[in-house]
Trainee: 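One structure, pasted below without further comment.
What you see is a predicted model; the values in this text were computed from it and never measured.
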Amino acid sequence: MAKLFTIVLGNPEHGWLPVDFQSKEFLLDFAASDVLNDPTEELYNVVTKLGEKETRRITWWLEPAAYFFDFEKNGQTITLVISETNDLNNKNCEEKKLFRIEGNEKEILQPFRAVLKQFFSQTHDEKHWPYQLDKNKISSL
């Protein structure tokens with residue numbers, strides 16, 4: 001079975017985390033800030049705690065723009081919707097949907113678990129990325 005997409009978390013530098021998301025029809029390459037939130041912790045919570053008929057969001061802040069990865073579980077189907085806003089701080093700024101994909105847990109959540117495990121198996125200087133996942137969380141991935 002072919003992969004639906006690939007996701008790569010690069011080496012952070014000065015508080016910016018490179019993220020590369022690719023599918024056949026879509027490419028998103030950006031660097032997320034560490035200032036407003038910890039998107040890696042948000043990602044961990046989504047891929048390990050997504051409940052039935054629940055939607056969870058990861059915010060990748062670009063200062064001031066942002067990308068959102070919304071995950072929803074409905075039975076065996078996991079839906080990922082990627083959207084963007086031009087200004088996260090402006091409540092009047094509309095979100096624009098960019099991409100939508102559906103699959104099962106193995107197809108949608110497992111690639112994110114794998115990339116988190118890989119990312120946190122490396123050591124990152126705190127000045128470049130101040131966040132770390134607890135070792136128990138990493139081993140649970």
Trainee: If hydrophobic residues (ILVMFWY) are linked whenever their side-chain heavy atoms come closer than 4.5 Å, directly or via other members, who joins Leu27 in its cluster?
Mentor: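 Noted: Leu27 shares its cluster with no other residue.
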Trainee: Enter the distance from Leu4:CG to Glu107:CD here, rounded to the nearest 0.5 Å.
Mentor: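 If we round to the nearest 0.5 Å, Leu4:CG and Glu107:CD are 4.5 Å apart.
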Trainee: Within the 3.5 Å criterion, strictly below it, is a donor on Ser33 or Glu63 matched to an acceptor on the partner's side chain?
Mentor: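 Ser33 vs Glu63: donor-acceptor pair found between side chains.
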Trainee: If you measure only the distance, is there a donor-acceptor pair under 3.5 Å linking the side chains of Asn11 and Glu13?
Mentor: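 Side-chain D/A pair, Asn11 to Glu13: absent.
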Trainee: Donor-acceptor pair, distance only, cut-off 3.5 Å: does the side chain of His128 make one with the backbone of His14?
Mentor: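 Judged by distance alone, yes, a pair lies under 3.5 Å.
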Trainee: Measuring from atom OG1 of Thr6 to atom CD of Gln22, what distance do you get when rounded to the nearest 0.5 angstrom?
Mentor: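 One finds 4.5 Å between OG1 of Thr6 and CD of Gln22.
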Trainee: Testing the basics here: between Ile108 and Glu102, what is the closest heavy-atom pair and its distance to 0.1 Å?
Mentor: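 Heavy atoms of Ile108 and Glu102 come nearest at CD1-C, 4.0 Å.
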Trainee: Check each of Leu28, Ile101, Asp70, Ile58 against Ile82 using the side chain to side chain contact (heavy atoms under 4.5 Å, CB included) test, and report the only one that passes.
Mentor: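 Only match with Ile82 under side chain to side chain contact (heavy atoms under 4.5 Å, CB included): Leu28.
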Trainee: What orientation do Phe21 and Phe5 show, parallel under 30°, tilted 30 to 60°, or perpendicular over 60°?
Mentor: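 Ring orientation of Phe21 relative to Phe5: parallel.
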Trainee: Once you measure the plane-to-plane angle for Tyr67 and Phe30, does it fall in the parallel (<30°), tilted (30-60°) or perpendicular (>60°) bin?
Mentor: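 Geometry flag for Phe30 against Tyr67: tilted rings.
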Trainee: Angle between ring planes, Phe69 versus Phe71, binned at 30° and 60°: parallel, tilted or perpendicular?
Mentor: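 Judged by the thresholds at 30° and 60°, the geometry between Phe69 and Phe71 is tilted.
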Trainee: Please output the side-chain donor-acceptor pairs of residues 88-95 that fall under 3.5 Å, not counting sequence neighbours, one pair per line with the distance.
Mentor:
unit_1	atom_1	unit_2	atom_2	d
Asn90	OD1	Asn92	N	2.8
Glu95	OE1	Arg57	NH2	2.9
Glu95	OE2	Arg57	NH1	3.1

Trainee: Might you point out which heavy atoms bring Leu116 and Thr40 nearest each other, and give the distance in Å?
Mentor: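 So the two residues come closest at CD2-O, 3.8 Å.
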